[in-house]
Structures are given as structure tokens and as C-alpha cells.
Amino acid sequence: MDALLHDTSFWVAIGFVIFLLIVWRPGKRAILGFLDTRTAAIRSEIDNARKLREEAQHALAEYQRRQHDAAREAETIVAQAAEEAGRLQERLTRQMEDSLARREAQARDRIAQAEDAARQHVRAAAIDLAVDAARTLLAAEAAAQLDRSLVRETISQLPDRVTAA
């Protein structure tokens, strides 16, 4: 037991464990806080995409309702002028379909852009975390190598010091 207390490797190991415990707590909080922030941003973007989708569906339902109304109106006009009502219904249907197609395409583009932005944010967060982890590991490895070389040098000088004393 006494030899263990005088062993420098033992104290270096104890110091390293204490260092890891001290560094882990604030580091863990920072990483979790960063991930929570990213998660909230991504959720917000997904909610916006859902709202856009709901707006597109609402617009589609509105245009379908209008189309239905136009068809009823056309039936009334058919009684007065069958030829005019047919042309009017055809023109309105074409316009609504074109408008619906444009709105649907715009909504899909917006959703795709939001998804791409969310993917880019997640990738950037993952890259940042990987770089930070690599930096921490490299610093720890460099410190450990320096400690080992100092211990070896001290051990190699020990016989000279013992004979000199």
C-alpha cells in the first residue's frame, strides 16, 4: 500500500480521473444545451412546413368548394344558355387547376427548402460536435504522452541521483 502511495503513475491516474470528472459536467451541459437549441429550431421549421401544408390543403378545399359552386351556377345558366355555361365552366376549371397546381408546387418547394435547411442544420451540429470531441481527445492524448515522457525521463535519471547522493 505504501509503495502505491509513492508511485507517480498512481497519482497521475488519480489526477487524470479527477480532471475528467471536472471537465465532464460543464461539457455535458454545453453539449446538451446546444442539442436542445438545435432540436427546438428544427421543430420550429417542421411546424412551419406543416402550417404551409395545411394552408395548401385549405386552399385546395377552398378551390374545390368554388369549383362545386361554379358547377351549380353553370347548371342554372345552362337552362338560359347551354353553350355559354359550358364555356364558362371549362374556363373556370382550367384556371382553378392551374392555380392549384402553382400553389401546390410552391408549397412543395417551401417544404423541400425547409427539409433541406433542417438537414443542413443537423449536419452542421454533428460536424461541430465531432470537431469538439476530436479536439478534446487529442488534447487529452497529448497531455498523457507528455506525462509519460516526463515520468520516463525522471525514472532514467533516478540511478544517477541515487549514486550521487
Side-chain angles (χ1 to χ4, degrees), residues 9 12-150:
S9 297
V12 168
I14 294 294
F16 184 69
V17 168
I18 291 171
F19 173 76
L20 286 178
L21 290 174
I22 290 170
V23 170
W24 173 247
R25 287 188 184 218
K28 182 176 82 171
R29 287 186 198 128
I31 290 170
L32 292 178
F34 177 75
L35 289 176
D36 289 343
T37 302
R38 286 289 187 194
T39 301
I42 290 170
R43 280 190 185 131
S44 173
E45 290 178 11
I46 289 172
D47 289 342
N48 288 337
R50 284 184 185 144
K51 287 177 185 176
L52 289 173
R53 181 173 170 250
E54 290 172 2
E55 289 175 8
Q57 287 176 343
H58 180 68
L60 176 64
E62 178 67 23
Y63 284 119
Q64 287 174 343
R65 184 183 58 77
R66 285 184 184 178
Q67 184 179 12
H68 188 279
D69 291 346
R72 263 192 269 147
E73 183 180 323
E75 289 174 7
T76 304
I77 294 173
V78 167
Q80 297 173 1
E83 187 176 316
E84 183 66 31
R87 282 185 265 158
L88 178 63
Q89 182 179 1
E90 198 174 299
R91 187 184 67 188
L92 287 175
T93 301
R94 208 173 321 117
Q95 287 176 349
M96 282 189 244
E97 287 173 355
D98 291 345
S99 179
L100 282 174
R102 283 192 303 271
R103 286 219 177 215
E104 186 176 331
Q106 288 174 350
R108 285 184 182 157
D109 289 344
R110 288 179 186 163
I111 290 170
Q113 289 172 355
E115 287 173 349
D116 287 342
R119 280 190 207 104
Q120 289 173 357
H121 286 297
V122 168
R123 284 184 188 136
I127 289 170
D128 289 345
L129 286 174
V131 167
D132 288 343
R135 186 179 296 129
T136 302
L137 287 175
L138 287 175
E141 181 65 27
Q145 287 178 357
L146 179 62
D147 288 344
R148 278 183 263 166
S149 68
L150 287 174

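Nothing here was measured: the structure is a model prediction, and the numbers come from that model.
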Requested in this report: Calculate, to the nearest 0.5 Å, the distance between atoms CZ and CZ belonging to R123 and R119 respectively.
Outcome: 7.0 Å

**Report entry** Under 3.5 Å donor-acceptor, T37 side chain and G33 backbone
**Finding:** yes

**Report entry** For A70 against M96, the heavy-atom pair lying closest together
**Finding:** CB-CE, 4.4 Å

Query - More than 12 heavy atoms of other groups within 6.0 Å of F34 CZ - result: yes

Query raised in the report: Does L137 reach the side chain of E141, with side-chain heavy atoms less than 4.5 Å apart?
Result: no

Query - Reported CG-to-CZ distance for the pair D128 and R38, which is rounded to 0.5 angstrom - result: 7.0 Å

Requested in this report: Go through L100 and E97 one step at a time and tell me if the side chain to side chain contact (heavy atoms under 4.5 Å, CB included) criterion holds.
Outcome: CA-CA 5 Å; L100 282 174; E97 287 173 355; 5.5 Å; no

**Report entry** Side-chain heavy-atom pair R50, I46 within 4.5 angstrom cut-off
**Finding:** yes

**Report entry** Ionic contact status for K51 with D47, cut-off 4.0 Å
**Finding:** no

Query raised in the report: Can we say E104 and R108 salt-bridge, meaning some charged N sits less than 4.0 Å from an Asp/Glu carboxylate O?
Result: yes

Query raised in the report: Does Q89 offer a backbone N or O that forms a donor-acceptor pair with the side chain of T93 under 3.5 Å?
Result: yes

Query raised in the report: Does atom CZ of R103 have more than 12 heavy-atom neighbours from other groups under 6.0 Å away?
Result: no

Report summary line: Shortest non-hydrogen pair, E45 vs A114, comes out as OE1-O, 3.7 Å

Query raised in the report: Are the charged groups of R94 and E90 less than 4.0 angstrom apart, N to O?
Result: yes

**Report entry** Test side chain to side chain contact (heavy atoms under 4.5 Å, CB included) applied to T76 and R72, step by step
**Finding:** CA-CA 7 Å; T76 304; R72 263 192 269 147; 5.8 Å; no

Requested in this report: Show your reasoning for whether side chain to side chain contact (heavy atoms under 4.5 Å, CB included) applies to H68 and R65.
Outcome: CA-CA 5 Å; H68 188 279; R65 184 183 58 77; 5.6 Å; no

**Report entry** Gap separating the CD1 atom of I42 from the CD atom of E115, nearest 0.5 angstrom
**Finding:** 12.0 Å

Report task. Quick one: pull up CD in Q120 and CD1 in I127 and give me the separation to the nearest 0.5 Å. Result -> 10.5 Å

Query - Stepwise side chain to side chain contact (heavy atoms under 4.5 Å, CB included) check, D132 with R135 - result: CA-CA 5 Å; D132 288 343; R135 186 179 296 129; 3.2 Å; yes

